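Every chain is numbered from 1, with letters handed out A, B, ... down the list of sequences. Here the structure is a predicted model, which is why all the values come from computation and not from measurement.
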There are 2 protein chains.
Amino acid sequence: MAIPSIKCQNCGINQLCLPVMLADAEVEHLDGIVQRTKPLDKGSILYRVGDTFNAIYAVRSGCLKSYTISENGDEQIIGFHLPGEIIGLNAIDSQQHPSTAKALETSTICTLPYEDLDSLAADMPGLRQQLMRIMSREILDDQELLFLLNKKSADERLAAFLINLSARYAKRGLANDCFKLVMKKSDIANYLGMAIETISRLFSRLVEKDYITIERKQVNIIDMNGLSQLAGVSCHL
Amino acid sequence: MAIPSIKCQNCGINQLCLPVMLADAEVEHLDGIVQRTKPLDKGSILYRVGDTFNAIYAVRSGCLKSYTISENGDEQIIGFHLPGEIIGLNAIDSQQHPSTAKALETSTICTLPYEDLDSLAADMPGLRQQLMRIMSREILDDQELLFLLNKKSADERLAAFLINLSARYAKRGLANDCFKLVMKKSDIANYLGMAIETISRLFSRLVEKDYITIERKQVNIIDMNGLSQLAGVSCHL
DNA sequence: CGATAGCTTGAGTCTTATCAACGTATGTGG
DNA sequence: CCACATACGTTGATAAGACTCAAGCTATCG
């Protein structure tokens, strides 16, 4: 079920997505290959570990998490994906999805068939370069996360996580000091490699020290400087 | 100083590198843009954090490490690079190298000027696709490392590290059970997010339990199955 | 041969995980 | 609409794994 009114040309987040470096005519071409389907309900799955790779996906609205599942059954969350972000890139090499992507809330997705995208890339230097930049960025983000997990204490990790979310919301024109955690605390714990109990205690401590307030899942950052400092200033996660 | 006798066409590791999907004539074109300079001595630096991005690099022989440096000065090793691997991909987005690459032993490097590569990619679908696969693979590798650091104990991490090295040597036609650690133990510790002392103790334990022997930097894996099991079988690091 | 960097081993400590119990949402069926 | 079931989150007590500090040992290289 296509939704004709939405096009890359008038999409609010096209400057975070693939069209960044493209001329109007080029965006038109890109738009031509995009498949838009009805929104994904909370909890439903975009692709699963082992699925054949056909396309990469752009998040248009909502939020997804992606995670792998180890042989002993426990899951490792790899990332949370906000509007404008491209997912499925880790499947290009093996042509099979190595991770599962699940909607954390109702989300709309643009499907970009990979073969079509590759053909377009041949003739559109801007698209080719933006693709490369997005992949490069993802490599860098993963490496920064690596650093976070390897070298930072539990407090610092959580602070960095919140600062990172804050920055990403800001980039999307939303408040940077006041947002809703769409993921469960247990997801945060999993992502940051900690026990749920530890996350719970750390949130309590952040509240106690007046860095943030938290009501249900609504987070307010009161002391952005303090929190950034705790996170390690230059850590963009 | 160009070394004329080495060409992509006759390079022993071209099937691990960029030429994988290319026809002979295409490899010729690729070879045309490659810059080969004299070997990098042990300890010398290929690029530094902050350097302007001009090219990506293929390791032809030797071994390099790449690492970032945090504001408080401590370094975080991101990876060790063996022949056939492409490095510098994390700089494409920002056009500045976010990490430093240093030779751990005498190493030869092929420089691939990025603009030239991009132009070639326009006309060579195979090259374009191989580039994407290599980046995709790197994303995946980083994510697997993430999992390792987040969910595995110290023993498991070290075992996984050794199994990973072993597999990579095997892929290059070298023995998978008998190799020299080119990096210092402190580098391994840094990479895996542990203290040097811990790494030292873990090596002792692996030897004691007859998984490996180690003489200077020469490692022999005696019980590959046992070590793999300890590492978590399906963990390719 | 001596200086230095790298590595090993031991003792004590700290951070974070685990276990357990309890509190708080959320949602379903009567 | 309430009561219950279930999932999610909090808090406390205890334990384990890995870090730090300290001392000594072993390569390596000029």
Side-chain angles (χ1 to χ4, degrees), chain A residues 41-43 65 72 74-77 102 104-106 148-162 180-209 212-219 230 232, chain B residues 41-44 65 67 72 74-77 80 102 104-106 147-162 180-209 212-219 230 232:
Chain A
D41 288 333
K42 174 174 176 171
K65 67 172 172 181
N72 16 348
D74 53 28
E75 81 182 44
Q76 167 64 43
I77 296 176
K102 182 188 264 191
L104 292 175
E105 59 184 346
T106 305
L148 190 70
L149 299 174
N150 247 350
K151 291 279 180 298
K152 302 275 189 170
S153 68
D155 327 83
E156 293 169 327
R157 287 190 220 173
L158 181 58
F161 175 76
L162 291 173
K180 184 169 160 279
L181 292 175
V182 286
M183 66 292 288
K184 290 180 295 192
K185 297 240 168 100
S186 58
D187 285 337
I188 300 176
N190 182 303
Y191 180 63
L192 296 176
M194 302 190 272
I196 310 178
E197 295 95 325
T198 305
I199 288 287
S200 184
R201 281 184 248 270
L202 292 176
F203 267 113
S204 305
R205 210 187 304 172
L206 287 180
V207 170
E208 191 183 297
K209 294 198 175 169
I212 62 170
T213 62
I214 182 165
E215 176 78 24
R216 315 237 178 195
K217 308 208 123 195
Q218 185 66 35
V219 174
L230 185 54
Chain B
D41 288 333
K42 174 173 176 170
S44 54
K65 68 171 173 181
Y67 55 97
N72 17 348
D74 53 25
E75 82 182 41
Q76 165 65 43
I77 296 177
F80 302 104
K102 181 188 266 193
L104 292 176
E105 58 185 347
T106 305
F147 174 77
L148 189 71
L149 298 174
N150 247 348
K151 291 280 181 294
K152 303 274 190 172
S153 68
D155 328 82
E156 294 169 326
R157 284 188 222 177
L158 180 58
F161 175 75
L162 292 173
K180 184 169 161 279
L181 292 175
V182 286
M183 66 291 289
K184 292 182 295 193
K185 296 243 168 97
S186 59
D187 284 338
I188 300 177
N190 181 304
Y191 180 62
L192 296 176
M194 303 190 271
I196 310 179
E197 294 95 326
T198 305
I199 287 286
S200 184
R201 281 183 248 269
L202 291 177
F203 266 113
S204 305
R205 209 187 305 174
L206 287 180
V207 170
E208 190 182 299
K209 295 199 175 169
I212 63 170
T213 63
I214 181 164
E215 176 78 24
R216 317 238 179 196
K217 307 208 126 195
Q218 185 67 33
V219 173
L230 185 55

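Interatomic distance, NZ of B:K184 versus CG of B:N190, reported as 10.0 Å (0.5 Å rounding).
At whole-Å resolution of the value, NZ in B:K185 and C1' in D:dT26 are 11 Å apart. One atom, CG of B:D155, and another, P of D:dA16, lie 15 Å apart when rounded to the nearest Å. Rounded to whole angstrom, the span from the NZ atom of B:K151 across to the P atom of C:dT16 amounts to 15 Å. Atom CD in A:E197 sits about 11 Å away from atom P in D:dT10, given to the nearest Å. Distance CG (A:D187) to P (D:dG9): 8 Å, rounded to an integer number of Å. Nucleotide D:dC29 holds its P atom 7 Å from the NZ atom of B:K42, rounded to whole Å. For B:I196 and D:dC21, the CD1 to P distance is 13 Å, given to the nearest whole Å. Computed from coordinates, the B:K184 NZ to C:dT8 P distance equals 14 Å when rounded to whole Å.
Within 4.0 Å (heavy atoms only), A:A154 reaches sugar-phosphate atoms of the nucleic acid but no base atom.
A donor-acceptor pair shorter than 3.5 Å cannot be found between the side chains of A:S200 and A:E197.
Side-chain to base pairing of B:R205 with C:dT8: no donor and acceptor N or O lie closer than 3.5 Å to each other. Taking 3.5 Å as the limit, the base of C:dG10 and the side chain of B:R201 contain a donor-acceptor pair of atoms between them. Scanning atom types as modelled, no donor and acceptor separated by under 3.5 angstrom connect the side chain of A:R157 and the base of C:dT15.
Under 4.0 angstrom from either OP1 or OP2 of D:dA27 there lies no side-chain N or O belonging to B:K217. In this model, the phosphate group of D:dC19 is approached by a side-chain N or O of B:T198 to a distance below 4.0 Å at OP1 or OP2. Proximity of A:S204 to the phosphate of D:dT11: a side-chain N or O atom is located under 4.0 Å from OP1 or OP2.
Ranking D:dA27, C:dC7, C:dT26 by closeness to the B:S186 side chain, first place goes to C:dC7.
The pair A:K151-B:D74 does not meet the salt-bridge criterion, since no charged nitrogen lies less than 4.0 angstrom from a carboxylate oxygen. Using a cutoff of 4.0 Å between basic side-chain nitrogens and carboxylate oxygens, A:K65 and A:E75 are scored as salt-bridged.
With a 6.0 Å cutoff to the six-membered ring centre and a 45° limit on the axis angle, B:K185 counts as a cation-pi contact of B:F203.
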